[in-house]
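This report concerns only the one structure given below.
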Number of protein chains: 2
Amino acid sequence: MAYTIGLDYGTNSVRCLIVDVTNGNELGTAVYEYETGEAGIILDPADHNLARQNPADYLKGIEAAVKAAITEAKDADKDFDTSRIIGIGIDTTGSTPIPVDKNGTPLSMSDEFKDNPSACAWLWKDHTGHAEAAELTELAEKEHPEYLAKCGGTYSSEWFFSKILHCLRTDPAVFDAAYSWVECCDYVPAVLTDTTKPDIIKRSRCAAGHKAMFNDQWGGLPAKDFLARLHPELGELRGRLYEKTYTVKTQAGKLTEQWAHKLGLPAGIPVAVGAFDAHLGAVGSGIAPGKLVKIIGTSTCDMLVAESSRQLPDIPGICGLVDGSILPGFFGLEAGQSAVGDIFNWFVNYIQPGGESAGSHEALTEKAAKLKPGQSGLLALDWNNGNRTILVDQRLTGLILGQTLHTSAHAIYRALIEATAFGGLTIINRFEEYGVRVSEVINCGGIAEKNPLLMQIYADVTDREMKISRSAQSCALGAGITGAVVAGAESGGYDDFADAQAAMCGMKDITYKPIPENHRVYQQLYALYKQLHDAFGLQGWSGKLANVMKDLLNIKDSVIS
Amino acid sequence: MAYTIGLDYGTNSVRCLIVDVTNGNELGTAVYEYETGEAGIILDPADHNLARQNPADYLKGIEAAVKAAITEAKDADKDFDTSRIIGIGIDTTGSTPIPVDKNGTPLSMSDEFKDNPSACAWLWKDHTGHAEAAELTELAEKEHPEYLAKCGGTYSSEWFFSKILHCLRTDPAVFDAAYSWVECCDYVPAVLTDTTKPDIIKRSRCAAGHKAMFNDQWGGLPAKDFLARLHPELGELRGRLYEKTYTVKTQAGKLTEQWAHKLGLPAGIPVAVGAFDAHLGAVGSGIAPGKLVKIIGTSTCDMLVAESSRQLPDIPGICGLVDGSILPGFFGLEAGQSAVGDIFNWFVNYIQPGGESAGSHEALTEKAAKLKPGQSGLLALDWNNGNRTILVDQRLTGLILGQTLHTSAHAIYRALIEATAFGGLTIINRFEEYGVRVSEVINCGGIAEKNPLLMQIYADVTDREMKISRSAQSCALGAGITGAVVAGAESGGYDDFADAQAAMCGMKDITYKPIPENHRVYQQLYALYKQLHDAFGLQGWSGKLANVMKDLLNIKDSVIS
């Protein structure tokens with residue numbers, strides 16, 4: 001009997017999961033809500049782009065969540081014994097970089113900068129660096145298009161260098177005081193293993209590859225010259241960042257005596273190098289070649305792996321293609337839809353069809369389920385929050401078409417679900433066009449578990465069976481799996497991920513198989529979706545409607561200002 | 001002091017208006033709701049295309065409405081004296097043809113056919129003849145394209161011959177028993193003047209020209225050969241229809257002793273030849289060259305006149321171009337939008353945004369008024385019920401574009417209003433492209449009176465002042481004006497329409513002038529609307545999206561059946 005701990009740092013809280021490595025049983029779980037700011041996020045009423053976090057919350061969270069999970073495990077199984085915990089794994093949001101001093105301590109923990117948001121963690125959804133992102137994209141397009149080819153063609157304001165450059169431009173005191181910057185997923189494992197010093201901290205391949213344009217093809221991070229063109233100081237910083245990165249198969253270090261004591265865990269157990277939540281969520285859902293893991297929440301992450309031994313072309317429009325970012329020995333491929341649950345939430349919360357009682361997700365779903373595919377005559381684009389994959393364009397907007405004088409709210413709700421299914425199929429098709437097969441889809445996230453109609457539509461639209469990951473906390477489970485692998489077989493864990501996943505992952509009994517007659521109708525509807533997708537989304541498309549959504553946003557900007 | 005009576009036969013009721021010919025003052029008005037069917041319409045639960053009316057209701061309505069209006073007039077003015085009533089005018093819905101016997105009596109009044117809907121009046125919105133309409137259009141396109149050029153290029157299922165041919169195909173007993181078919185607007189004046197016999201009844205130029213392809217250019221009704229190609233019996237019917245038509249300047253006859261006695265009116269006063277409601281509504285709103293009358297209800301009619309002395313080209317996409325159909329001596333031009341009020345009603349009643357309290361027209365309008373033009377980032381097409389002018393295509397559907405995750409219901413409501421304004425501008429532009437100037441817009445109908453936001457948006461979008469017809473019952477007033485003209489100046493009326501309109505029509509004090517800065521934004525938005533309009537609406541458009549809405553409807557039809 002052996003256990004591992006998975007720590008999953010989300011946007012508002014951290015979850016601890018204690019898992020049995022022999023069968024994936026979840027013995028105890030606990031959540032700690034970050035204390036600082038609103039729901040754990042430091043906001044600025046004057047700038048809706050700003051979203052920061054207090055790194056101290058990450059540390060408080062370890063103690064609170066781990067202890068509570070242990071208590072729960074002991075309650076559940078009186079034979080549970082913390083001495084059987086053999087490893088720890090960690091996933092976090094990202095890119096969430098933190099400016100640190102020479103010891104690797106966040107600047108926000110110093111007296112000098114303690115109330116300064118620039119010295120905090122720059123949460124993934126902080127968009128203050130949007131101008132810097134455009135600048136990075138423009139320069140890379142000209143001088144190093146290969147940098148962008150691995151991350152969808154556009155460098156995002158959510159990513160590492162956009163944020164650091166924005167800090168340099170707007171709060172140089174913080175930038176100057178920062179010896180280095182570390183991702184949240186680097187920082188937490190380093191704290192637990194006393195390896196925070198920037199010269200020894202082990203950096204996540206996942207974070208570096210997907211968000212910092214790190215790739216061995218061009219010698220790691222972007223060239224010093226390139227960064228210096230953006231700002232000389234950014235060029236200088238490169239030498240204080242990193243040359244090498246590590247997959248989750250690597251130990252970040254061993255749990256220190258001090259932390260072992262604090263948490264009631266065995267000292268010296270290995271802690272895995274960290275990774276992003278979606279990536280370890282994919283691991284926890286049993287990702288393997290041919291199996292697309294779809295993490296469905298307000299948005300989706302669509303994760304795939306392909307053997308590193310293959311010659312894989314760059315795939316236009318996907319968010320990232322990084323060797324070892326999900327599983328060692330495999331390219332990790334990340335794609336996603338900018339809004340899925342959020343589109344349904346928009347309709348229910350902003351439009352409130354039929355008022356609060358008639359217009360709940362449940363009520364709309366129940367009525368929508370009675371419609372046949374194609375019966376509503378409606379077609380929608382799933383772009384209310386832009387399009388992440390395959391168009392990589394935040395300045396796209398939603399579209400609903402086919403309304404008559406009798407179109408009902410639940411028909412629109414169904415059309416919105418279908419639109420997200422069509423968007424998902426577009427991602428699958430893109431992968432397959434470039435030789436990455438998708439034979440099966442594993443879904444995780446609350447919507448996948450709660451909405452059979454959505455799952456059936458996804459199966460019917462994609463003509464693929466939809467499975468659902470057994471664990472309701474796939475990210476934390478994936479982190480626990482990395483703990484089992486860094487512990488190794490000799491400690492009761494596993495020597496490789498395939499074995500660990502085989503033992504620890506599972507699917508729910510219920511699956512959704514495509515219904516041929518529905519798929520036939522959806523094939524016709526998808527052809528029309530693709531027509532609209534290309535007409536409004538592709539710049540070079542002959543019909544020249546690609547201006548419409550952008551012109552509207554430009555007009556909107558001009559009349560508001 | 002002289003008065004006339006205007007009788008306005010609507011879809012659910014008939015209104016009687018007693019009006020002072022010297023100044024247009026409305027002394028008395030009364031409404032009679034038809035008794036038969038649901039809200040006056042005979043429906044068939046098994047066929048939603050069917051909509052018929054009981055002609056007996058039309059006659060009951062005369063007596064009830066005229067008497068009640070007289071009572072009201074007497075209550076309002078003790079000096080009011082029915083002996084001063086000098087003429088009667090009538091407008092009705094159309095095309096609403098009635099099968100009649102040799103005496104001009106509706107077959108539904110015979111014992112043989114009294115319960116047979118085929119023997120009743122075929123209400124304008126009866127669409128049972130949709131297949132026959134397609135057949136008529138196809139044959140005319142091949143053999144007589146000139147027939148269609150005057151009525152927008154497509155013969156509608158709502159029109160005269162579609163209905164008669166459908167009757168011939170589906171209920172030959174009724175067709176065989178019918179000596180002739182008369183429009184409702186021919187029938188009522190004929191009853192009052194004892195001129196119902198098909199060989200003497202005076203047929204309305206308005207009805208014949210707009211709905212029965214009657215034009216002196218080709219010798220009146222469509223050629224016998226043409227009709228016989230559709231069905232030999234239809235060819236035979238032509239000889240029992242009519243060779244000649246009359247404008248509203250003509251007397252249908254004199255009020256009979258019997259009706260005069262029944263109604264308490266002077267016997268022998270003239271009754272004008274009838275016309276359709278929108279056409280006399282235009283007269284009652286003061287239509288004249290350059291003045292577009294926009295009758296805004298669930299749909300709109302957009303009416304113009306142009307001097308008959310002009311060489312007027314056919315104008316593609318407008319519903320009709322008929323010499324004398326509105327005013328004698330002028331071409332009457334009819335265009336329209338298939339849904340205006342109905343689109344707002346759809347959003348409020350079917351989508352019910354925010355529930356019943358928050359989602360009323362008033363509440364949505366109040367919030368929508370706070371938005372600036374362009375601020376919502378939304379753009380919609382006003383095609384929820386197809387597009388009447390200029391695309392003449394019932395198989396087009398609605399579109400809303402530009403939604404984000406924060407788009408509000410009132411922003412959509414405003415976008416729907418704007419869409420109808422853009423649709424209205426497209427009609428104006430079409431008229432002007434063909435040399436028919438629109439310098440001023442006169443609006444009538446409840447929405448125009450009740451919704452200042454809509455009127456201001458219409459002014460801002462079209463860059464034209466929006467005026468509002470003073471009378472709340474412009475159609476009945478227009479009918480009253482025809483009564484004054486057929487009475488003539490020597491009886492205290494008028495010898496021509498210009499004089500009658502000058503005296504009897506008026507505008508409300510409030511008008512809506514275009515706000516230049518709003519218009520500038522709407523010019524940009526209209527360019528985008530026109531892009532979508534052409535992309536989805538024009539078959540020959542290079543972008544080839546014209547299939548999208550139709551394919552969706554075809555898919556819908558295929559999955560429902």
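Here the structure is a predicted model, which is why all the values come from computation and not from measurement. Heavy-atom basis, side chains included; hydrogens, waters and symmetry copies ignored. Just so we're on the same page: letters track the sequence lines, and every chain starts at 1.
Heavy-atom contacts from other residues, nucleotides or ligands closer than 6.0 Å to NZ of B:K550 number more than 12. For B:Q523, the CD atom sits in a packed shell: over 12 heavy atoms of surrounding residues, nucleotides or ligands are nearer than 6.0 Å. For CD of B:Q394, the number of neighbouring non-hydrogen atoms (other residues, nucleotides, ligands) closer than 6.0 Å is 12 at most.
Under the 3.5 Å distance criterion, the side-chain polar atoms of A:K556 are left unmatched by any main-chain donor or acceptor of B:G374.
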After noting the C-alpha distance and the side-chain angles of B:I351 and A:I351, does the key distance pass the side chain to side chain contact (heavy atoms under 4.5 Å, CB included) rule? CA-CA 9 Å; B:I351 305 305; A:I351 306 305; 4.1 Å; yes
Would you check, one step at a time, whether the test side chain to side chain contact (heavy atoms under 4.5 Å, CB included) holds for B:V548 with A:Y529? CA-CA 9 Å; B:V548 175; A:Y529 172 90; over 6 Å; no
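Among the candidates B:A409, B:A527, B:G377, the residue making the largest number of heavy-atom pairs closer than 4.5 Å to chain A is B:G377. When A:N385, A:L528, A:D551, A:I412 are compared by the number of non-hydrogen pairs under 4.5 Å with chain B, A:L528 comes out ahead. Between chain B and the residues A:T397, A:L396, A:L381, the most heavy-atom pairs under 4.5 angstrom are made by A:T397.
Within the 4.5 Å cutoff, the side chain of B:Q531 has heavy atoms near those of the A:N547 side chain. Between A:L525 and B:I555, the closest side-chain pair of non-hydrogen atoms falls below 4.5 Å.
For the atom pair CD (B:Q352) and OG (A:S408), the distance works out to 11.0 Å, reported to the nearest 0.5 Å.
With sequence neighbours excluded, the residues forming a salt bridge (Lys or Arg N to Asp or Glu O under 4.0 Å) with A:K530 are A:D534, listed by chain and number.
For residues 338-350 of chain A, the interface with chain B (any heavy-atom pair closer than 4.5 Å) comprises A:A339, A:D342, A:I343, A:W346, A:Y350, sorted by residue number. Contact residues of residues 400-407 of chain B toward chain A are B:I400, B:L401, B:G402, B:Q403, B:T404, B:L405, B:H406, B:T407 (heavy-atom distance under 4.5 Å).
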Under 3.5 Å donor-acceptor pairs involving side-chain atoms of residues 512-521 of chain B, not counting sequence neighbours:
| residue | atom | partner | partner atom | Å |
| --- | --- | --- | --- | --- |
| B:N518 | ND2 | B:D460 | OD2 | 2.9 |
| B:H519 | ND1 | B:D460 | O | 2.8 |

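With no hydrogens or angles considered, no side-chain donor-acceptor pair links B:Q524 and A:N554 at under 3.5 Å.
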